There are 2 protein chains.
Amino acid sequence: MKETDDIRPTTSAPQQIDAMDRRILAALVEDATVSYADLGKRVGLSAPAAHERVKRLKRSGVIQRMAALIEPKAVGKGLLAFVHVDTRGWGKSPALMAVANYPEVEEVHSVAGDTCMLLKVRTENTHALEGLLAQIYDAPGVLATRSYVVLSTYLERPPQPGITASWPRPKASLPVAAAQ
Amino acid sequence: MKETDDIRPTTSAPQQIDAMDRRILAALVEDATVSYADLGKRVGLSAPAAHERVKRLKRSGVIQRMAALIEPKAVGKGLLAFVHVDTRGWGKSPALMAVANYPEVEEVHSVAGDTCMLLKVRTENTHALEGLLAQIYDAPGVLATRSYVVLSTYLERPPQPGITASWPRPKASLPVAAAQ
DNA sequence: GATAATGGCCGAATGATGTTAGGTATCAAT
DNA sequence: ATTGATACCTAACATCATTCGGCCATTATC
């Protein structure tokens, strides 16, 4: 399993991803432990050919890395919440970005809309969430936060390689003049 | 790499996760392609011992699966957005849940707060987002949606095994009576 | 239109790694 | 003290990743 070729994170993918690459990606996103022989069989390639493709996808940065997906509840993170942070001025202050160092913080985005920053956090309970929120409030320029505590998660998965080619026409849309 | 032991998704983890398991999880979340020899070296175990631990973590469901993490932009998903969906009645209608079949939809949660459902979606552009929103609106009972389009992502990672033992006291908090 | 060059693939051989087996130490309960 | 269970180790084996050489298709060049 030693990747002798250096996987240096080169600049973003220059070449195009074809249908074969997409099938390989789909398989690896679902299960990254398949042998190259099985992977090749699934997509219609030999093991070395599949390996060569995967190596290229890694080198080009399309495959960032292989990761173990763990069950949050098992590691003491039963509470998931999305935190919207309203900030004065420009929200990306170093003090606010420092919360990314906590392992409870999984995502930090700046968003367009009525709020500046959006965090996805996972804590053991509401008490720990309060402790994290206190850290967020502690950052200068933070005006307010709104937390959306997740009650149930129906779907949660990493980025998928598939894309929807054409979106269905809405069937129950309001009549619009000149809707082509 | 063939896991001869069946990894049947048994009921949730019965036994406790110790510090060694946490270190193994931390290593595998970062890079699931390490050899068991390297993994053992990193956490202070032999290769078979590390393997045994990993096998147990998989069987107990702590490790759900190994997945390839791909760069969304490389597969034509440069636009990330969080969509809040307000619904009349109980939001979990089959028609709304059907949007989970689109590969653009990565997360579906029901949340507490002023909205009922929260989706994380990744599309190629705003036009595709519009097509997806049309599908959401098409579900009966959907009153309104609010979309937060991500401008920049500063952090995005899968669930981490680490937990913060004690949260720092906020340094700039308002004086509170009898704050112990 | 012939030919060289490139890219992608395959089959087979080799080396690294996953995996099993057997044995030892530690700890808890009998 | 003895038994049983658990977790670990070393060593051997089986499997797989990886490399190599050659083949075929396509494209560029003469």
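So that the names make sense, note that chain A is the first sequence line, chain B the second, and so on, each numbered from 1. Quick note: numbers below take in every heavy atom, side chains included, and nothing from hydrogens, waters or symmetry partners. Only a predicted model underlies this, so the values are computations on that prediction, with no experimental measurement involved.
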| field | Protein-nucleotide distance (A:His51, atom NE2; C:dA16, atom P), rounded to Å | value | 15 Å
| message | With nearest nucleotide decided by heavy atoms, which residue, A:Glu52 or A:Asp38, maps closer to the 5′ end of DNA chain D? | response | A:Asp38
| query | Looking at the side chain of B:Ser35, which of C:dT17, C:dC10, D:dC9 is the nearest nucleotide? | reply | C:dT17
| message | Closer than 3.5 angstrom, by distance alone: can the side chain of A:Tyr137 be matched with the main-chain N or O of A:Thr145 as a donor-acceptor pair? | response | yes
| query | Under a 4.0 Å N-O cut-off, is there an ion pair linking B:Glu106 with B:Lys77? | reply | no
| message | Side chain of B:Pro48 only, heavy atoms from C-beta on: which candidate in D:dA7, C:dT17, C:dT19 is closest? | response | C:dT19
| field | Integer-rounded Å distance: D:dC9 C1' and B:Leu45 CG | value | 10 Å
| What is the distance, rounded to the nearest whole Å, between atom OH of A:Tyr36 and atom C1' of C:dG18? | 15 Å
| message | Could you tell me how far apart A:Lys55 (NZ) and D:dA17 (C1') are, to the nearest whole angstrom? | response | 10 Å
| said: What is the separation between atom CZ on B:Arg53 and atom P on C:dT19, rounded to the nearest whole Å? | reply: 18 Å
| How close or far is atom P of D:dC16 from atom NZ of A:Lys41, stated in whole angstroms? | 9 Å
| said: Test your reading of the model: is there a side-chain donor-acceptor pair from A:Arg122 to the backbone of A:Gly76, 3.5 Å cut-off? | reply: no
| Is it true that B:Arg53 and B:Asp21 have a side-chain N and a carboxylate O under 4.0 angstrom from each other? | yes
| note | When rounded to whole Å, the CG to P distance for the pair A:Leu39 and D:dT18 reads 13 Å
| query | Rounding to a whole Å, what distance do you find between B:Met20:CE and D:dA7:P? | reply | 12 Å
